Amino acid sequence: MRIELQNIEIEVEKGDISNQADLDAVVNAANAELAPGGGVAGAIHGAAGPKLYEECKPLAPIAPGEAVITRAYGLPNKFVIHTLGPVYGKDKPEEQLLSNCYRNSLKRAEENKLKSVGFPGISTGIFGYPKEDAVDVVFSTLLTEIPQLEHLKKLRFVVFSDEDRELYESKLREVALG
Ligand code: ADP
């Protein structure tokens, strides 16, 4: 699904975040140490290769809500933006921290004049953030950030299941209809 919102293309696609060849950057649902792990971080580090972690080491640790940018090595993108989501029920206020993840990731992309970036569902895996609540945070953050974007023209939400795709698509429709 693709909808244009204030001249920005917003896409929802089912797929693997480590296989988005047409995007300038992908966002990593990182851990504080920016180390390889499970889920998104495992896929990204696996595809990028060990040089990614070497570049990450001196940038770690990061706090919930922060985002840092590195090169992408074996990934088909130019950059990886690593952000640490809140652990649901532990890092508070979780809505604010999750919102900061998206805001700061967009900021890193803009600073580097990127045109397109792909996001996974930060915190909605191992970190346990309920998906419906997370999607609300994603789109409310997006609505406040879109007017500030100068270089970004395409944002893609890469989901892993049909259920998540439907959730994102219905929320995007709602937002697009105002
Ligand atoms: P976190 O630790 O921030 O919760 P996870 O990596 O555990 O992050 O999962 C975040 C979300 O990304 C989950 O909804 C999960 O289903 C999804 N996911 C896991 N692997 C991939 C992948 N390779 N590409 C896209 N989404 C993925």
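In listed order, ligands and their atoms are each counted from 1. Computed from a predicted structure; not experimentally measured.
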Need the ligand 1 atom indices (1-based, order shown) with element for anything under 4.0 Å from a heavy-atom of [X].
X	result
Lys131	14 (O)
Gly15	24 (N), 25 (C)
Ala43	23 (N)

Quick check: does Asp16 get an N/O under 3.5 Å from an N/O on ligand 1?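 Asp16 vs ligand 1: N/O contact under 3.5 Å present.
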Heteroatom proximity flag, Ile17 to ligand 1, N/O under 3.5 Å: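 The answer is yes, given that Ile17 and ligand 1 share an N or O pair closer than 3.5 Å.
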Does the protein come close to atom 15 (C) of ligand 1 - that is, does one of its heavy atoms sit below 4.0 Å from that atom?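 Protein heavy atom within 4.0 Å of atom 15 (C) of ligand 1: absent.
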With Lys14 as reference, evaluate Asp164, Val158, Val159 under the side chain to side chain contact (heavy atoms under 4.5 Å, CB included) test and give the passing residue.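 The option that passes is Val159.
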Whether Glu54 and Lys51 form a salt bridge (side-chain N of Lys/Arg under 4.0 Å from carboxylate O of Asp/Glu) is what I want to check.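 Between Glu54 and Lys51 there is no salt bridge, as every charged N stays at least 4.0 Å from the carboxylate O atoms.
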One thing to verify: whether Glu11 and Lys154 come together as a salt bridge, which I'm taking to mean a side-chain N less than 4.0 angstrom from a carboxylate O.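 Salt bridge between Lys154 and Glu11, a charged N being under 4.0 Å from a carboxylate O: yes.
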Pairs touching residues 84-93 that satisfy salt bridge (Lys or Arg N to Asp or Glu O under 4.0 Å), sequence neighbours left out: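 Residue pairs with at least one partner in residues 84-93: Lys92-Glu94.
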Counting only heavy atoms, tell me which of Ser123, Ser161, Ala29, Gly121 gets closest to atom 11 (C) of ligand 1.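 It is Gly121 whose heavy atom sits nearest to atom 11 (C) of ligand 1.
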Could you identify the single nearest non-hydrogen protein atom to [atom] and state the distance to 0.1 Å?
atom	result
atom 9 (O) of ligand 1	Gly125 CA, 3.4 Å
atom 13 (C) of ligand 1	Thr124 OG1, 3.4 Å
atom 7 (O) of ligand 1	Ile126 N, 2.9 Å
atom 20 (N) of ligand 1	Phe160 CE2, 3.5 Å
atom 6 (O) of ligand 1	Val40 N, 2.8 Å

Going by heavy atoms in the side chains, are Val137 and Thr141 under 4.5 Å from each other?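 SC-SC contact between Val137 and Thr141 confirmed.
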Are Phe160 and Tyr102 connected in the hydrophobic side-chain network, where two residues link if heavy atoms are under 4.5 Å apart?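 In one cluster: no.
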Residues, nucleotides or ligands: over 12 heavy atoms within 6.0 Å of Glu169 CD: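 More than 12 within 6.0 Å, yes.
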Going by the rule side-chain hydrogen bond (donor to acceptor under 3.5 Å, both in side chains), which residues pair with Lys171 if we only count those two or more places apart in sequence or in a different chain?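 With sequence neighbours excluded, Lys171 shows a side-chain hydrogen bond (donor to acceptor under 3.5 Å, both in side chains) to Asp136, Glu174, given in chain and number order.
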